Structure formats: structure tokens, C-alpha cells
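Whatever order the structure lists them in is the order used to number ligands and atoms, beginning at 1. Note that the coordinates shown come from a computational prediction; the quantities given were computed from them, not determined experimentally.
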Amino acid sequence: MKRTKIKDVFKQTETDVKILVKGWVRTRRGNKSVNFIALNDGSTVNNIQIVVDLEHFSEELLKPITTGACIAVEGKLVASQGKGQTVEIQAEKIEVYGSADPETYPLQKKGHSLEFLREIAHLRPRTNTFGAIYRVRHNMAMAIHTFFHQKGFVYVHTPIITASDCEGAGQMFQVTTLNLYDLKKDENGSIDYSRDFFGKQASLTVSGQLEGELAALALGDIYTFGPTFRAENSNTPRHLSEFWMIEPEMAFYEIADNMDLAEEFIKFCIKWALENCADDLAFLQEHFDKELTERLQFVLDNDFKRLTYTEGVEILEAAVAKGHKFEFPVSWGTDLQSEHERYLVEQHFKRPVILTDYPKEIKSFYMKQNDDGKTVRAMDVLFPKIGEIIGGSQREEDFEKLKNRAQEMAVPQKDIWWYLDTRRFGTAPHSGFGLGFERLLLFVTGMANIRDVIPFPRTPNTADF
Ligand code: 4AD
Ligand code: MG
């Protein structure tokens with residue numbers, strides 16, 4: 001007999017039919033004559049109820065069927081008399097694949113803290129919460145590929161090992177096969193990387209953008225979607241050392257086109273979640289975030305507010321003047337902290353905000369320089385509860401300006417000569433942005449900590465599993 005996934009069991013309209021399900025036991029309870037097993041197979045957040053008539057099953061067989069055990073159940077699908085479910089399965093045959101010793105299986109009671117579950121990240125997908133999060137994460141990946149595919153974007157695989165620091169922020173993890181126990185240095189104390197694996201210093205990428213631009217200036221519209229790495233020592237609920245980023249890059253897009261695309265893109269993803277993850281979102285809403293679907297719908301229904309960094313800072317300074325207390329100071333030229341971004345979004349405009357035209361000193365070398373000589377054509381999309389969810393810009397397409405800015409910002413030309421070449425040969429106006437996948441997931445799931453929306457989080461001092 002073929003196994004039916006529990007998700008499909010609930011879709012089945014015909015009852016009094018034979019059925020075979022397989023999954024992990026969430027709970028078993030009951031009395032002397034009948035037992036009820038709640039079974040979950042990961043296909044849905046909902047458990048199927050298995051009714052076990054003790055006349056037909058021995059204590060011996062049922063003994064190993066405790067929370068966490070894996071079983072197969074053949075039986076009859078019937079309309080349920082009980083509350084809380086429409087159908088249930090009357091067991092006729094039960095096979096135990098694997099028991100889970102109640103003394104040592106860590107997921108006994110409901111309501112383990114998220115902190116505790118992080119310590120058992122190898123087992124947490126067995127919980128309703130992480131089952132839901134894994135499924136929403138999958139759905140968001142599908143939404144992203146669908147969005148760009150439908151628009152005719154080409155998915156480009158940019159390299160993970162690289163010799164250039166895209167953001168120029170010095171947050172790279174080094175990749176080396178040099179013997180760290182016996183490092184040879186020259187008379188200046190420098191390491192001779194010509195002896196390293198790649199013949200030069202190499203690192204894990206912080207962004208696929210530079211290579212993405214090469215592709216955009218040939219294929220038109222492209223996107224990358226892959227892991228990126230940042231060795232920044234920020235222990236916050238919004239930073240990971242390894243995260244996934246979606247980076248579209250478009251030839252002939254100016255900054256306004258870039259903003260339009262970003263807004264359309266995020267709304268598409270949120271709509272997809274509401275349409276395809278209703279059960280999981282309802283579960284997450286009930287347990288973690290009562291306003292979740294309301295907030296998602298709100299984003300769909302409202303235009304993102306667009307204003308310049310300068311205007312944003314004026315609003316923040318006015319707030320300070322009126323007595324609002326921020327932890328960090330704010331004035332023109334400072335990088336905005338999450339608290340500032342969230343003030344603009346949550347308290348001032350009460351909707352997502354796109355800030356543009358930041359001071360060039362706090363942004364990367366590749367951004368298009370404005371005529372004022374002070375600002376660059378950057379754009380950050382700021383979201384409620386999250387702060388920055390997207391960072392992007394129009395790119396500097398002028399060879400001389402780009403080369404000079406790289407030099408000013410100490411980005412070595414020898415590392416990016418190939419990138420500069422695009423501006424020497426057939427340069428074009430173009431733009432792009434990066435969406436942090438886990439930041440999107442924080443928003444869509446309503447979870448508060450980024451460690452809970454990626455299966456195996458990597459953060460300073462944590463790389464287990
Ligand atoms: O603003 P960032 O640093 O921009 C770039 O990397 C550009 N190269 C993107 C581009 O224009 N193609 O990062 C982009 C986004 C941020 O807005 C944030 O959502 C996410 O990536 N992000 C992080 N997410 C989790 N943990 C971290 N440490 C992150 N750093 C950035
Ligand atoms: Mg940024």
C-alpha cells in the first residue's frame with residue numbers, strides 16, 4: 001500500500017477507505033480501552049489522530065510508541081467524532097520504525113523555550129514551530145525564484161570563494177590551506193600568499209554583487225540567491241555570520257526603477273506566504289505574534305514611503321528635540337542604527353520606508369555619486385520590527401569616478417580590475433539590491449530572533465551541527 005502524506009489525508013474527501021500514514025509521534029494518551037496518537041510527518045503543522053482500540057493491540061506493541069517514536073499506521077480513515085479534527089484513522093496495523101526513549105528524548109513537553117531548542121537544533125525540526133518555519137522558508141525560496149523567473153531574470157551562480165571584498169568593510173572569513181601552526185612570514189612580517197592554495201589571499205564572499213554586475217551588463221536582468229558570510233562581531237537578533245542573500249542586478253535601471261522592483265518583489269513574497277502558508281502562519285500567529293497576518297496584509301495594502309536620508313535625519317533630530325530618547329546619537333553623516341530606522345517606520349510613517357541618497361562616507365565604493373559631491377544613490381528598505389531588510393543602489397557606471405572612489409576607499413585596483421573593465425567596455429546605467437533572506441523570514445514568520453529562521457545558525461562563537 002502506498003503511503004499518504006498527512007497533508008493530503010486532510011484533503012481527502014472520501015472516508016471509510018484504507019489508508020497508510022507514516023510519521024513521528026507527538027503524543028499518545030488514552031485510557032484502558034482506547035489510545036489516541038497524534039502523528040505528524042512534517043507535511044503540515046496539523047497532526048492526524050490515530051485511534052487505537054486496545055482490544056486489537058497488545059501493551060507490548062504500544063509500549064515503544066511514545067513521543068518522538070517513528071511509526072507506520074495502516075487503518076481506516078473515518079469522520080472524527082471528537083473535537084479538533086475532521087477525520088481520524090482507526091488503526092488496524094502498526095509498525096514501529098524507531099522508538100525514542102522517554103528518559104532521554106529531549107522534546108517531551110510542549111512549550112520548550114526557543115533558547116533551549118537552539119541547543120538541540122538537530123531535533124528542533126520535529127517541533128510544530130520549526131516544522132512551520134522550515135516550510136515557510138522553502139515557500140519563500142520558491143516565491144523568489146518564481147518572481148524573477150516570471151520577469152525573465154536569469155539566475156546566476158556567483159562564486160562563494162572570492163579574492164575581493166565587495167562591501168569593502170573588511171568582514172571577510174579567510175579561506176586558506178596554509179599551515180597555521182607553521183606560518184612563514186617575510187622580513188616585513190607579511191605572509192606570502194603566493195604559497196597559499198589559490199596563489200593569493202582568498203575569502204568567503206560577503207556578496208555576489210560584483211560578479212552579478214558582470215552578468216547584468218551582458219544578460220540584462222539577473223539575480224543571485226546564495227549563502228554569504230560576514231565576520232562581523234555583532235551579536236544581535238538580526239545578524240548571522242552565514243546568511244542567504246537575494247541580489248538582483250538590472251541593466252538600464254535607475255534608482256527609481258530599483259525601488260519599484262524592490263517594493264513589488266517584497267509584496268510578491270508576502271502575498272505568496274499568505275496564499276501558500278496559511279496553516280503555518282496561523283500557527284505562528286497563535287503562538288508567537290498575534291498581529292502577524294495583520295502586519296503582512298498591511299504591507300501589501302500600503303505604498304512604501306520614499307524619502308532621502310537627509311529628510312530622515314531631520315525627522316529623527318526633530319524627534320530628539322521633542323524629547324525622544326535614542327540610545328545612539330543621530331546627525332547628518334552618522335550611519336542609522338536599527339532604533340532610528342524603526343522609529344521612522346513604526347512611529348513616524350507607520351509603514352515601510354525607503355531611504356535614499358546617503359552620505360557617501362557610510363556607503364560602498366560602487367554606488368553612483370550624486371552631483372552634490374556628498375551623497376550617493378543608495379537605497380535602504382526599512383521594515384517594521386526589522387529595520388533594514390534591503391540594501392541597494394544605482395551603480396557608478398563612469399569608469400574614472402568609480403576608479404577614483406575605489407582608490408579613496410582603499411579598495412585595491414588589482415583586486416577589482418575585472419570589475420572596472422565593465423566600465424571601460426560598454427558601460428551602462430544599472431542598479432541592484434540585496435535582500436537578506438533571513439530578515440525577510442523574520443518578517444514573514446513573526447519570529448523575533450534570526451537564529452530561529454535558519455536551520456543551523458552560525459553566529460560568533462556558535463557553529464554547532
Ligand atoms: O546592505 P548590504 O550589506 O548590501 C550588500 O551586500 C549589497 N552588495 C547588496 C546589493 O546591492 N546587491 O546587505 C544586504 C542585505 C541587508 O539589507 C540585510 O537584509 C542583509 O543583507 N544582511 C544580513 N542579514 C543577516 N545577517 C547579517 N549579518 C547581514 N548583513 C546584511
Ligand atoms: Mg546595508
Exercise for the section: Would you mind checking which non-hydrogen protein atom is closest to atom 17 (O) of ligand 1, with the distance to 0.1 Å? Expected result: Glu388 OE2, 2.6 Å
Exercise for the section: Could you tell me whether Glu346 and Lys350 have a side-chain N and a carboxylate O separated by less than 4.0 Å? Expected result: no
Handout entry: Residue-ligand contact Glu438/ligand 1, heavy atom below 4.0 Å
Key = no
Exercise for the section: For the pair Phe365 and Tyr419, name the ring-plane relationship: parallel under 30°, tilted 30 to 60°, perpendicular over 60°. Expected result: perpendicular
Exercise for the section: Ignoring angles and geometry beyond distance, decide whether Leu240 reaches within less than 3.5 Å of ligand 1 through its nitrogen or oxygen atoms. Expected result: yes
Problem - Donor-acceptor under 3.5 Å (Gln413 side chain, Lys403 main chain) - result: no
Fill in the blank from the handout: Gly392 heavy atoms within 4.0 Å reach ligand 1 at atoms 11 (O)
Problem - Interfacing atoms of ligand 1 (cut-off 4.0 Å, heavy-atom, Tyr366) - result: 7 (C), 8 (N)
Problem - Aromatic centroids of Phe265 and Phe148 separated by under 6.0 Å - result: yes
Handout entry: Atoms in ligand 1 with a heavy atom of Arg238 nearer than 4.0 Å
Key = 25 (C), 26 (N)
Problem - side chain to side chain donor-acceptor pair (under 3.5 Å): pairs with one or both residues in residues 299-308, sequence neighbours excluded - result: Asp260-Arg306, Glu263-Arg306, Gln297-Asp301, Thr308-Glu311
Practice task
Please name the pair of heavy atoms, one in Asp257 and one in Phe252, separated by the smallest distance, quoted to 0.1 Å.
Solution key: OD2-O, 4.1 Å
Problem - Arg26 backbone acceptor or donor facing Thr67 side chain under 3.5 Å - result: yes
Practice task
Consider every N or O of Gly391 and every N or O of ligand 1, then say whether any pair is closer than 3.5 Å.
Solution key: yes
Exercise for the section: Among all protein heavy atoms, pick out the one at the shortest distance from atom 9 (C) of ligand 1; state its residue, atom name and that distance to 0.1 Å. Expected result: Glu247 OE2, 3.3 Å
Handout entry: Salt bridge present between Arg137 and Glu438 (N-O < 4.0 angstrom)
Key = yes
Exercise for the section: State whether the shortest distance between N or O atoms of Gly436 and N or O atoms of ligand 1 falls below 3.5 angstrom. Expected result: yes
Problem - Distance from atom 18 (C) of ligand 1 to nearest protein heavy atom, with residue and atom - result: Arg439 NH1, 3.5 Å
Problem - ligand 1 contacted by Phe383 (non-hydrogen, < 4.0 Å) - result: no
Handout entry: Protein N/O/S atoms closer than 2.8 Å to the Mg ion (ligand 2)
Key = Glu388 OE2
Practice task
Report the part of Thr228 (side chain from C-beta onward, or backbone N, CA, C, O) that has a heavy atom under 4.0 Å from ligand 1; answer both or neither where that applies.
Solution key: neither
Exercise for the section: Return the residue, atom name and 0.1 Å-rounded distance of the protein heavy atom closest to atom 24 (N) of ligand 1. Expected result: Phe243 CD1, 3.5 Å
Handout entry: For atom 19 (O) of ligand 1, the protein heavy atom that lies nearest, with its residue and separation
Key = Ile389 O, 2.8 Å
Exercise for the section: Determine, for Arg405 against Glu408, whether the closest basic-nitrogen to carboxylate-oxygen distance falls under 4.0 angstrom. Expected result: yes
Problem - Options Lys363, Arg230, Met379, Glu167, ranked by nearest heavy atom to atom 3 (O) of ligand 1, top entry - result: Arg230
Side-chain donor-acceptor distances from residues 217-224 under 3.5 Å, at least two apart:
residue, atom, partner, partner atom, Å
Tyr223, OH, His145, ND1, 2.6

Handout entry: Close approach of Glu249 to ligand 1, heavy atoms, under 4.0 angstrom
Key = no
Handout entry: Flag, side chain of His324 to backbone of Glu317, donor-acceptor distance under 3.5 Å
Key = no
Fill in the blank from the handout: One finds that the ligand 1 atoms under 4.0 Å from a non-hydrogen atom of Glu232 are 27 (C), 28 (N), 30 (N)
Exercise for the section: Check Ile133, Leu114, Leu117, Leu107 against Arg124 for a side-chain contact (heavy atoms from CB on, under 4.5 Å) and give me the one that passes. Expected result: Leu117
Exercise for the section: Inspect the surroundings of NZ in Lys385 and state if more than 12 heavy atoms from other residues, nucleotides or ligands are less than 6.0 Å away. Expected result: yes
Handout entry: Nitrogen or oxygen atoms of Met245 and ligand 1 under 3.5 Å apart
Key = no
Problem - Atoms in ligand 1 with a heavy atom of Ile390 nearer than 4.0 Å - result: 17 (O)
Exercise for the section: Report yes or no: does Arg395 have a heavy atom closer than 4.0 Å to ligand 1? Expected result: yes
Exercise for the section: Enumerate the residue pairs fulfilling salt bridge (charged side-chain N to carboxylate O under 4.0 Å, His left out) with a member in residues 206-216, sequence neighbours excluded, ordered by first and then second residue. Expected result: Glu213-Arg395, Glu213-Arg423
Completion exercise
heavy-atom search around atom 15 (C) of ligand 1 in the protein gives Gly434 O, 3.5 Å
Handout entry: Residue of the set Thr162, Val175, Thr228 for which side-chain contact (heavy atoms from CB on, under 4.5 Å) holds with Leu204
Key = Val175
Problem - Ionic contact status for Asp8 with Lys11, cut-off 4.0 Å - result: yes
Exercise for the section: Ignoring angles and geometry beyond distance, decide whether Ser393 reaches within less than 3.5 Å of ligand 1 through its nitrogen or oxygen atoms. Expected result: no
